Amino acid sequence: MRRHAVIFGRAAGLGALALLDIPLLVLTLLTAVTTALGLIFFCFIPVNRLVRRRTMLARRLAGRWLGAETAPPYLPPPPPPRPQPDGWYRYERQLYKTPWWPAWNDRWKWMFTDPATWRDLAWLWLNPLAGGSLLLLPLAAVWYGLTLSWTWAPQAAPLGLAVAAAGMAAVPWLLRLYGWWTHLCLAPTVRSILAGRLQRLDQVRQEAVDSQAAELRRIERDLHDGAQARLVAMGMTLGAVEELVDKDPAAAKALLAKARDASSVALTELRDLVRGIHPPVLAERGLGDAVRALALDSPLKVSVTVDLKIRPESPVESAVYFSVSELLTNAARHGGADRVWIDIGIRGGALRVTVTDDGSGGADPSRGSGLRGVERRLAAFDGVLALNSPPGGPTTATIDLPLARVPGAEREKPPLTKRQGVVVALGWGLGWLPLFPQGLVPMFLKIFGTGEKSWFLALHLPSPWQWPLIVLNITMGLALYGMAMAIPVAHSRRHLMSRAGALLETDR
């Protein structure tokens, strides 16, 4: 009984929210009128934010109550405007002293051109009808059945109780159908996913270009200040040796010894520079042995566990290697750790690296450039860095890289779950019963005025209550068929989205 009360409470709440969307719908109409008149700066952005909050609430409720998890489909927001060297902000051909107008223009264009904005509005326009009829209709059927059993003749009581029971039994299924409908309208489409991923790729590409330029500047600076300076000094020393070799052989020998020491130091610096670009052990021995070499060079006690049956591609190995190196450096320099545990393997369809230390914790990517650099390095491969570092420690950093970048990884279409298969079978197997013999056929008999009642349930009721039961039966039949068709469509759609992401990763 308590479970049914919760289900009816959810249905009533969602139905009430659907009816409360009508004022918001009127507000969107006024916004459309003002936008058409060129007054877009008045209320387009605040009303659009309000609509997005309403649809985000619908997504959360659908995921929490109906089991239809729905991710936000919106494109990433535009980056904040950057000032020019003269301090002014440029937007197209206009210059502004403050970033307010460029940011506002970017924001309204971002909202206006995002397809999810118009899909939110379409859902908002249909939700009062869909939510109200789909969720409040069974409640009306329960009320009608109870009224029929209490106010009419005693022989109508079983029929009224049957109608009330049918309405109560239909509520959970209609709730789930409403959740699927919300997911179908508000979930990301393949196009929006690809658009978002392309925009993210543009951002990652820009960050990669900036990082590459910074890396080239670092290499140039190291060469200029290190090996190049030592080679210039060696040349000057050898010139002095050439002048002293006849006059003062002892001084010439001393200068040659200094030149030899300088050449050794320059060679060491060049080897360190090459190792910083791409370590030879990583190219020759792979990721596992390269991380073990890092562990041997670290001042901490490092334990390394490697379980890789296939070798990742070279760019992936390089990204993981330098990320682990940065994490080890942070543990030794900032965390005050004594021991570090590194685990490398394939977990849950991704290349996963876990680095755990017993340091003081409190690591935060927003407060340091090292962890932000790790995030940017991994973002180029759709990788993520998950950090758990409470004050007092320990610190656990988990690196996940999709297996789409690992040779031999495949993505197969998962089958329907057993529960989904049962719902589809029941929908196709039972949908005909309320739709045709108890819905459409009595409707035609009622329209053409035949006196045949036979076993049609609605025609045995008093005349004022026949049409409500006919409409209820038709709605139930359509709902069952809708569930039977919506589940495979949603399943194929999710697989198509994952395939689209995989194809984009492969093309990249």
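No experiment lies behind these values; they were computed from the predicted model shown.
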Exercise for review: Taking Ser325 for its side chain and Tyr321 for its backbone only, find out whether a donor-acceptor pair lies under 3.5 Å.
Suggested key: no

Practice item. Identify the two heavy atoms, one from Asp357 and one from Pro394, that lie closest to each other, and give their separation to 0.1 Å. Key: O-CB, 3.1 Å

Review point. Do Lys301 and Asp358 sit within salt-bridge range, that is, some charged N less than 4.0 Å from a carboxylate O?
Key: no

Check your understanding: Are the side chain of Arg119 and the backbone N or O of Ala187 linked by a donor-acceptor pair below 3.5 Å?
Key -> yes

Check your understanding: Any salt bridge between Asp289 and Arg292, counting N to O under 4.0 Å?
Key -> yes

Study note, to complete from the structure: Correct closest heavy-atom pair for Gly286 and Glu317 would be CA-OE2, 3.8 Å

Exercise for review: Ignoring hydrogens and angles, tell me if any N or O in the side chain of Thr182 forms a donor-acceptor pair with the backbone of Tyr178 under 3.5 Å.
Suggested key: yes

Practice item. Enter the distance from Thr28:OG1 to Leu24:CG here, rounded to the nearest 0.5 Å. Key: 6.0 Å

Check your understanding: How close do Val304 and Ala295 get, heavy atom to heavy atom, and via which atoms?
Key -> CG2-CB, 3.8 Å

Exercise for review: Heavy atoms only: give me the nearest Asp21-Pro128 pair and the separation to one decimal.
Suggested key: CB-CG, 4.2 Å

**Study point:** Closest non-hydrogen atom pair, Leu25 against Leu124
**Key:** CD1-O, 3.7 Å

Study note, to complete from the structure: Between the CH2 atom in Trp341 and the OG1 atom in Thr305, the distance rounded to the nearest 0.5 Å is 11.5 Å

Review point. Mind checking whether Trp100 and Trp104 have parallel, tilted or perpendicular rings, split at 30° and 60°?
Key: parallel

Review point. Is the closest side-chain donor-acceptor distance between Arg52 and Thr117 under 3.5 Å?
Key: yes

Study note, to complete from the structure: Closest non-hydrogen contact found for Tyr96 with Asn105 is OH-ND2, 4.3 Å

Practice item. Apply side chain to side chain contact (heavy atoms under 4.5 Å, CB included) to the pair Trp88 and Lys97, showing each step before the final yes or no. Key: CA-CA 5 Å; Trp88 287 71; Lys97 291 185 178 180; 3.5 Å; yes

Review point. How long is the span from the CG atom in Leu186 to the CH2 atom in Trp181, to the nearest 0.5 Å?
Key: 7.5 Å

Study note, to complete from the structure: When rounded to the nearest 0.5 Å, the distance separating CE of Met56 from OH of Tyr74 is 6.5 Å

Exercise for review: Evaluate whether atom CZ of Arg285 has more than 12 neighbouring non-hydrogen atoms of other residues, nucleotides or ligands under 6.0 angstrom away.
Suggested key: no

Review point. Do Leu50 and Leu27 pass the side chain to side chain contact (heavy atoms under 4.5 Å, CB included) test, and can you show the C-alpha distance, the side-chain angles, and the key distance before you say yes or no?
Key: CA-CA 10 Å; Leu50 188 60; Leu27 185 60; 4.1 Å; yes

Exercise for review: Please step through side chain to side chain contact (heavy atoms under 4.5 Å, CB included) for the pair Leu351 and Leu308, ending with a clear verdict.
Suggested key: CA-CA 9 Å; Leu351 174 63; Leu308 286 178; 3.5 Å; yes

